[in-house]
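Each remark here refers to the structure printed beneath this line.
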There are 2 protein chains.
Amino acid sequence: MVDRSALASVLQLGFSRATGPRKIVVETVVAWEGHFSAEELCRSLPQVGRATVYRTLASLQEEGVICRLMIDGRAPRYLLGGTQHHHHMVCTQCGAVQDIADCGVDDFVDTVAERFGYELDGHRLEIYGRCSTCVGGEGASS
Amino acid sequence: MVDRSALASVLQLGFSRATGPRKIVVETVVAWEGHFSAEELCRSLPQVGRATVYRTLASLQEEGVICRLMIDGRAPRYLLGGTQHHHHMVCTQCGAVQDIADCGVDDFVDTVAERFGYELDGHRLEIYGRCSTCVGGEGASS
DNA sequence: CACCAATTGAGACTTTATCTCAGGAGTGGT
DNA sequence: ACCACTCCTGAGATAAAGTCTCAATTGGTG
């Protein structure tokens with residue numbers, strides 16, 4: 001889904017140099033299966049400084065390579081693919097996250113913004129539920 | 001909007017005793033204008049222990065007296081009135097928050113959950129923009 | 001009023017994140 | 001290929017937010 005050949009250009013991010021540490025972080029992020037927290041990334045890349053990991057994540061988010069997902073009170077989690085507008089369907093049991101590509105709430109959002117006299121910036125929709133695996137698997141082990 | 005006469009029953013929350021400190025926290029929360037963070041509440045109630053403030057906030061949220069609002073990477077903020085399902089329209093400039101009472105996205109949410117085979121738990125929609133005051137006031141001071 | 005269990009709160013601890021600044025490493029010019 | 005110049009890195013200090021512990025306190029009951 002993500003254009004991994006664009007890696008080279010992405011390495012520059014908002015910076016003027018394509019450095020080694022950043023290469024490691026970006027490659028790890030791009031290869032990551034599922035979502036991750038900043039601390040998880042730090043832990044799996046002990047050879048890269050925590051500050052660099054956080055800086056790179058911030059840039060990747062700004063560039064739209066990854067998007068940040070807030071689940072309840074937990075630390076933010078990151079996912080590949082933030083460029084195009086989308087939403088998330090989160091499994092509250094196993095933590096699986098599905099991208100919802102089509103935004104079906106634009107009209108409603110427009111209406112609300114107009115009603116309150118707001119100049120629209122954006123919106124965020126997250127749907128919570130239990131995925132078919134978790135629903136289907138329940139009771140099987142008891 | 002919130003039934004403040006229900007305060008007495010709310011004081012019990014999930015606990016078995018209506019204590020003094022909890023009374024202070026609940027009364028402060030109910031009287032609070034706008035939204036607040038846990039730390040702000042702690043700071044304005046130095047006579048109540050931090051642990052008690054956090055415990056009471058958690059109970060109030062569970063009981064639906066307040067709802068938690070996550071704005072970007074900042075600490076969660078709390079608002080009165082979480083009982084009935086609703087959403088928020090947040091001003092990215094001044095931080096004002098409007099409640100959106102009617103949920104216009106139920107159909108879309110149902111459709112998506114069905115498409116992914118999820119058993120629906122709930123959803124969260126937040127709309128970001130700049131309120132009429134912030135839009136209107138801009139340039140006035142420059 | 002006394003008793004006892006529920007609750008409190010000071011402060012230690014954890015987790016997550018940001019900041020600082022000396023040293024290291026890309027990059028362009030030669 | 002090398003140098004120099006500047007940007008970037010990273011160890012560790014600091015900050016922010018929240019949880020946990022346990023002795024002391026207190027509300028509710030008989």
Side-chain angles (χ1 to χ4, degrees), chain A residues 7-29 32 35-63 65-79 82 95, chain B residues 7-29 32 35-63 65-79 82 95:
Chain A
L7 230 180
S9 70
V10 140
L11 273 173
Q12 293 284 348
L13 302 171
F15 299 83
S16 59
R17 289 178 186 174
T19 65
R22 198 150 55 230
K23 223 170 287 187
I24 296 174
V25 175
V26 173
E27 276 164 9
T28 306
V29 165
W32 200 286
H35 46 97
F36 56 92
S37 69
E39 289 299 319
E40 278 166 16
L41 192 55
C42 284
R43 256 175 267 135
S44 73
L45 293 176
Q47 73 271 38
V48 178
R50 157 207 251 44
T52 300
V53 169
Y54 274 91
R55 272 188 295 245
T56 307
L57 277 181
S59 305
L60 282 171
Q61 199 197 340
E62 211 157 288
E63 302 285 320
V65 177
I66 56 177
C67 60
R68 170 194 270 167
L69 179 56
M70 308 292 287
I71 304 183
D72 195 46
R74 299 201 294 150
R77 305 195 66 77
Y78 298 88
L79 276 174
Chain B
L7 230 180
S9 72
V10 139
L11 273 172
Q12 293 283 349
L13 301 171
F15 300 83
S16 60
R17 290 180 186 172
T19 65
R22 200 152 53 231
K23 223 170 286 187
I24 295 174
V25 174
V26 173
E27 277 165 9
T28 307
V29 164
W32 199 287
H35 47 96
F36 56 92
S37 70
E39 290 298 322
E40 278 165 16
L41 192 55
C42 284
R43 255 174 268 135
S44 72
L45 294 176
Q47 74 271 39
V48 178
R50 157 207 247 44
T52 300
V53 169
Y54 274 91
R55 273 188 296 243
T56 307
L57 278 181
S59 305
L60 283 170
Q61 199 196 339
E62 213 157 285
E63 302 286 319
V65 178
I66 56 176
C67 61
R68 170 194 269 165
L69 180 56
M70 309 290 289
I71 305 182
D72 196 46
R74 299 201 294 152
R77 305 195 67 77
Y78 298 89
L79 273 174

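Here is how names work: the chains are called A, B, and so on, in the same order as the sequence lines, proteins then strands, and each is numbered from 1.
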* Give the rounded distance in Å between these two atoms: CD of B:Glu39 and P of C:dA17. => 16 Å

* Considering all heavy atoms, the nearest B:Leu41-B:Val29 contact -> CD2-CG2, 3.7 Å

* Asked: How close or far is atom P of C:dG9 from atom CZ of B:Arg55, stated in whole angstroms?
  -> 8 Å

* **CZ-CG distance between A:Arg68 and A:Leu79, expressed to the nearest 0.5 angstrom** => 12.5 Å

* Asked: Under 3.5 Å, is there an N or O donor on one side and an acceptor on the other linking the side chain of A:Arg50 and the base of D:dG12?
  -> no

* Within this structure, what is the CG-to-P distance between A:Leu45 and D:dA11, rounded to whole angstrom? -> 13 Å

* By nearest nucleotide on DNA chain D, pick out whichever of A:Thr56 and B:Pro76 is the more 5' one. => A:Thr56

* Other residues, nucleotides, ligands: >12 heavy atoms within 6.0 Å of B:Glu40 CD -> yes

* Tell me whether the OP1 or OP2 atom of D:dT19 has a side-chain N or O from B:Tyr54 closer than 4.0 Å. => no

* Asked: Any side-chain heavy atom of A:Leu60 sitting closer than 4.5 Å to one from A:Glu63?
  -> no

* When you check the phosphate oxygens OP1 and OP2 of C:dT8, does a side-chain N or O of B:Thr19 lie under 4.0 Å from one of them? -> yes

* To do: Give one of base, sugar-phosphate or nothing for B:Glu40, where a contact means two heavy atoms less than 4.0 Å apart.
  => nothing

* Phosphate oxygens OP1/OP2 of D:dG10: is one of them under 4.0 Å from a side-chain N or O of A:Thr52? -> yes

* From the options D:dG18, D:dT21, C:dA17, select the nucleotide whose nearest atom is closest to the side chain of B:Ala51. => D:dT21

* Which nucleotide, D:dG10, D:dG18, C:dT16, lies nearest any side-chain atom of B:Ala38? -> D:dG18

* Starting from C1' on D:dT9, measure out to NZ on A:Lys23 and report it in whole angstrom. => 15 Å

* **Closest contact, heavy atoms only, A:Ala38 versus A:Val53** => O-CG1, 4.2 Å

* **Interatomic distance, B:Ile24 CD1 vs D:dG27 P [rounded to whole Å]** => 11 Å

* Structure fact -> With the side chain defined as heavy atoms from C-beta on, B:Ala75 is closest, among C:dA17, D:dG10, D:dG18, to D:dG18

* Given that B:Pro21 and A:Pro21 both sit by DNA chain D, which one's nearest nucleotide is further toward the 5' end? -> A:Pro21

* Interatomic distance, B:Met70 CE vs C:dT16 P [rounded to whole Å] -> 13 Å

* Asked: When the distance from CZ of A:Arg77 to P of C:dT15 is rounded to whole Å, what number comes out?
  -> 15 Å

